[in-house]
Protein chains: 2
Amino acid sequence: MYTETAMLRLGAPLRASERAYRQLRGEILNGLLAPGAALLEVEQAERIGVSRTPLREAVARLIADGLVVGRRGRGFEVTDISVDSISELYELRQALEVQAIRLAATRREPAPFQELRDAFVTAPDLLEQGDIGVHRYYVLIDELEDAIDAAVENPFLVGALRAVRTHLARIRRLARSNPRRLRAAAAEHLLIIDAIIAGDPSLAAHATHIHLHQSLLSVLAAIEEDSER
Amino acid sequence: MYTETAMLRLGAPLRASERAYRQLRGEILNGLLAPGAALLEVEQAERIGVSRTPLREAVARLIADGLVVGRRGRGFEVTDISVDSISELYELRQALEVQAIRLAATRREPAPFQELRDAFVTAPDLLEQGDIGVHRYYVLIDELEDAIDAAVENPFLVGALRAVRTHLARIRRLARSNPRRLRAAAAEHLLIIDAIIAGDPSLAAHATHIHLHQSLLSVLAAIEEDSER
DNA sequence: ATTGCGGTTTCTGTATACACAAAAGTGATC
DNA sequence: GATCACTTTTGTGTATACAGAAACCGCAAT
């Protein structure tokens with residue numbers, strides 16, 4: 001029956017290892033599995049509902065992602081995020097994003113960025129609308145990142161960026177940005193987009209450098225603030 | 001992205017998955033397993049002398065390293081190296097090495113670089129001595145890279161650099177550099193080292209940029225030459 | 001009270017068996 | 001001779017069983 005094969009392809013019974021990977025990754029990124037949390041194979045395998053073999057494969061991928069480390073004797077644990085590691089991550093991020101933006105401004109196809117420009121112009125309004133607006137703003141940023149990735153056309157660079165963004169997702173969680181910072185960030189993004197549209201790699205690179213500098217300062221300040229309470 | 005440093009005690013027999021990983025990785029890097037070569041689980045497991053489970057783990061790590069890709073229908077194959085991918089890799093490498101050198105020049109502890117400087121001054125002599133000298137020269141470069149990694153003190157950045165160097169090892173194999181290029185490269189390295197010792201991040205960064213530009217040109221020329229024969 | 005030791009338990013590392021899907025081979029029919 | 005259905009083979013995905021090692025716990029000795 002053709003419906004059967006179709007269902008097998010589309011209805012997508014994901015492989016168990018893939019399911020385990022996505023679930024664990026998601027739980028780590030949204031903080032459900034906190035830094036330092038122990039991952040025991042049998043325990044996690046039962047919880048997720050797969051056997052140990054696919055679970056091990058999932059954990060191996062998480063280790064490669066840098067989200068999990070094997071610990072000496074027993075099991076694995078979720079990597080923790082220190083203030084130092086945030087600064088270090090941003091040193092890598094600076095290098096990658098500046099290069100990516102530079103390439104995007106060089107090879108740009110302006111159309112998608114024109115659309116994004118329009119969206120970012122109205123971003124400050126969005127940020128007046130509370131949590132829903134903030135969420136929409138983050139979606140916008142995702143779209144910008146996707147557009148940049150597409151414009152860069154470099155699997156190596158995009159891959160490295162993806163890895164960095166994985167860690168950033170965790171950092172954002174523990175240092176929620178304030179509205180003022182988000183408005184400033186929107187303006188910075190707008191400048192970057194304009195530089196890409198204008199085909200000015202140097203301007204785009206400098207604007208990105210500044211943006212990331214401010215972003216790091218804001219993150220560190222937010223964490224400082226949190227830890228004082 | 002750095003791979004698990006493995007919890008192996010000295011003297012302890014290596015885990016089967018680790019053995020499989022190292023052997024396959026080595027064979028891919030030195031060209032024994034050529035780009036495009038198929039990796040069948042059962043076949044490779046028998047050859048290496050481990051069962052399928054650890055072999056799968058090894059392959060998963062190779063995929064994370066970007067040395068192997070899962071292919072359409074069946075099995076896995078060694079990733080191939082196109083001219084395009086070399087240029088792309090160098091775009092990433094530029095970003096990482098420039099940032100690394102910049103940081104090394106900022107945080108430098110001059111001592112190890114002083115020693116390396118002395119060694120690089122005599123590098124041209126080394127290159128007169130045929131293959132043995134060339135090999136020694138490559139060892140010198142490894143030491144320079146190690147010194148930079150240590151000076152950078154950034155696991156994220158160093159991890160990304162390691163990944164890039166993995167791919168570079170394969171590229172070097174298929175584009176052996178000529179002695180003239182190596183002599184020029186030695187001079188370029190000397191300039192970079194001097195900039196680090198002088199604590200001049202900007203000079204070091206620019207010198208690195210130039211060096212990588214020349215390096216890419218040389219690699220592409222060598223490949224062009226080879227393919228014409 | 002603390003520390004050293006041995007048994008117990010738990011967990012990982014590895015092998016293997018089974019199930020299911022895809023490709024290749026085979027034969028029959030037109 | 002070509003094409004299509006069916007069988008066989010091959011290979012992956014998953015579960016599970018087994019072995020060895022590390023942590024835990026209680027007991028005893030100082």
Side-chain angles (χ1 to χ4, degrees), chain A residues 1-25 27-28 33 36-65 67-79, chain B residues 3-25 27-28 33 36-65 67-79:
Chain A
M1 264 201 196
Y2 83 96
T3 50
E4 208 172 302
T5 48
M7 278 178 67
L8 282 174
R9 305 233 162 136
L10 298 175
L14 276 160
R15 287 175 316 191
S17 64
E18 186 68 25
R19 260 189 302 138
Y21 173 70
R22 293 193 190 178
Q23 178 167 346
L24 287 175
R25 189 174 195 279
E27 289 177 356
I28 291 172
L33 283 170
L39 294 180
L40 289 310
E41 282 186 12
V42 275
E43 177 186 307
Q44 297 297 318
E46 273 181 29
R47 189 172 66 87
I48 297 177
V50 300
S51 86
R52 282 181 53 220
T53 309
L55 185 106
R56 278 172 73 76
E57 198 173 313
V59 170
R61 287 173 67 185
L62 293 171
I63 290 176
D65 290 346
L67 293 174
V68 165
V69 286
R71 53 181 184 186
R72 200 163 51 90
R74 215 162 176 98
F76 307 91
E77 68 177 47
V78 180
T79 52
Chain B
T3 47
E4 179 185 14
T5 15
M7 30 187 177
L8 43 92
R9 301 167 319 167
L10 278 80
L14 251 52
R15 290 178 321 209
S17 64
E18 186 69 24
R19 260 189 301 137
Y21 173 70
R22 293 195 190 178
Q23 179 167 345
L24 287 174
R25 189 173 194 278
E27 289 177 356
I28 291 172
L33 284 171
L39 294 181
L40 289 310
E41 283 186 14
V42 276
E43 177 186 307
Q44 297 298 318
E46 273 181 29
R47 188 172 66 87
I48 296 176
V50 301
S51 86
R52 281 182 55 217
T53 310
L55 185 107
R56 279 174 72 81
E57 197 174 313
V59 170
R61 286 173 69 185
L62 293 170
I63 291 176
D65 291 347
L67 293 175
V68 165
V69 286
R71 59 178 178 187
R72 209 162 30 101
R74 214 165 180 90
F76 307 91
E77 69 178 46
V78 180
T79 52

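We name chains A, B, ... by the order of the sequence lines, and we start the count at 1 in each one.
- Remark: side-chain polar atoms of B:S17 are not paired, donor with acceptor, to backbone N or O of B:A58 under 3.5 angstrom.
- Atom CZ of A:F76 and atom C1' of D:dA22 are 14 Å apart (whole Å).
- As a whole-Å value, the separation of B:E77 CD from D:dG11 C1' is 16 Å.
- For B:E57 and B:R61, the salt-bridge test fails: no basic side-chain N is under 4.0 Å from an acidic carboxylate O.
- Between B:L55 atom CG and C:dG13 atom P there is a gap of 16 Å when expressed in whole angstrom units.
- With salt bridges taken as basic N to acidic carboxylate O contacts below 4.0 Å, none links B:E43 and B:R47.
- Using a 4.0 Å cut-off, no side-chain N or O of B:T53 falls inside it from OP1 or OP2 of C:dT14.
- Going from atom CD of B:E57 over to atom P of C:dT12 covers 12 Å, rounded to whole Å.
- One can place CD of B:E41 at 8 Å from C1' of D:dG11, the figure rounded to the nearest angstrom.
- The separation between A:L39 atom CG and C:dT12 atom C1' is 14 Å, rounded to whole Å.
- Between B:R19 atom CZ and C:dT14 atom P there is a gap of 8 Å when expressed in whole angstrom units.
- Each of A:A16 and B:E43 has a nearest nucleotide on DNA chain D; the 5'-most of these lies closest to B:E43.
- Among B:D65, B:T79, B:V78, the single residue meeting the side-chain contact (heavy atoms from CB on, under 4.5 Å) criterion with B:I28 is B:V78.
- Rounded to whole Å, atom P of D:dT14 lies 13 Å from atom CD1 of A:I48.
- Checked against C:dT14, C:dG13, D:dT14, the side chain of A:S51 finds its nearest nucleotide in D:dT14.
- The shortest side-chain heavy-atom distance between A:L24 and A:V68 does not fall under the 4.5 Å cut-off.
- Taking only side-chain nitrogens and oxygens, A:S17 never comes nearer than 4.0 Å to OP1 or OP2 of D:dG13.
- No hydrogens or angles were tested; on distance alone, nothing pairs the side chain of B:R52 with the base of D:dG11 as donor and acceptor under 3.5 Å.
- Between B:R56 and D:dG13 there is a side-chain N or O to OP1 or OP2 distance below 4.0 Å.
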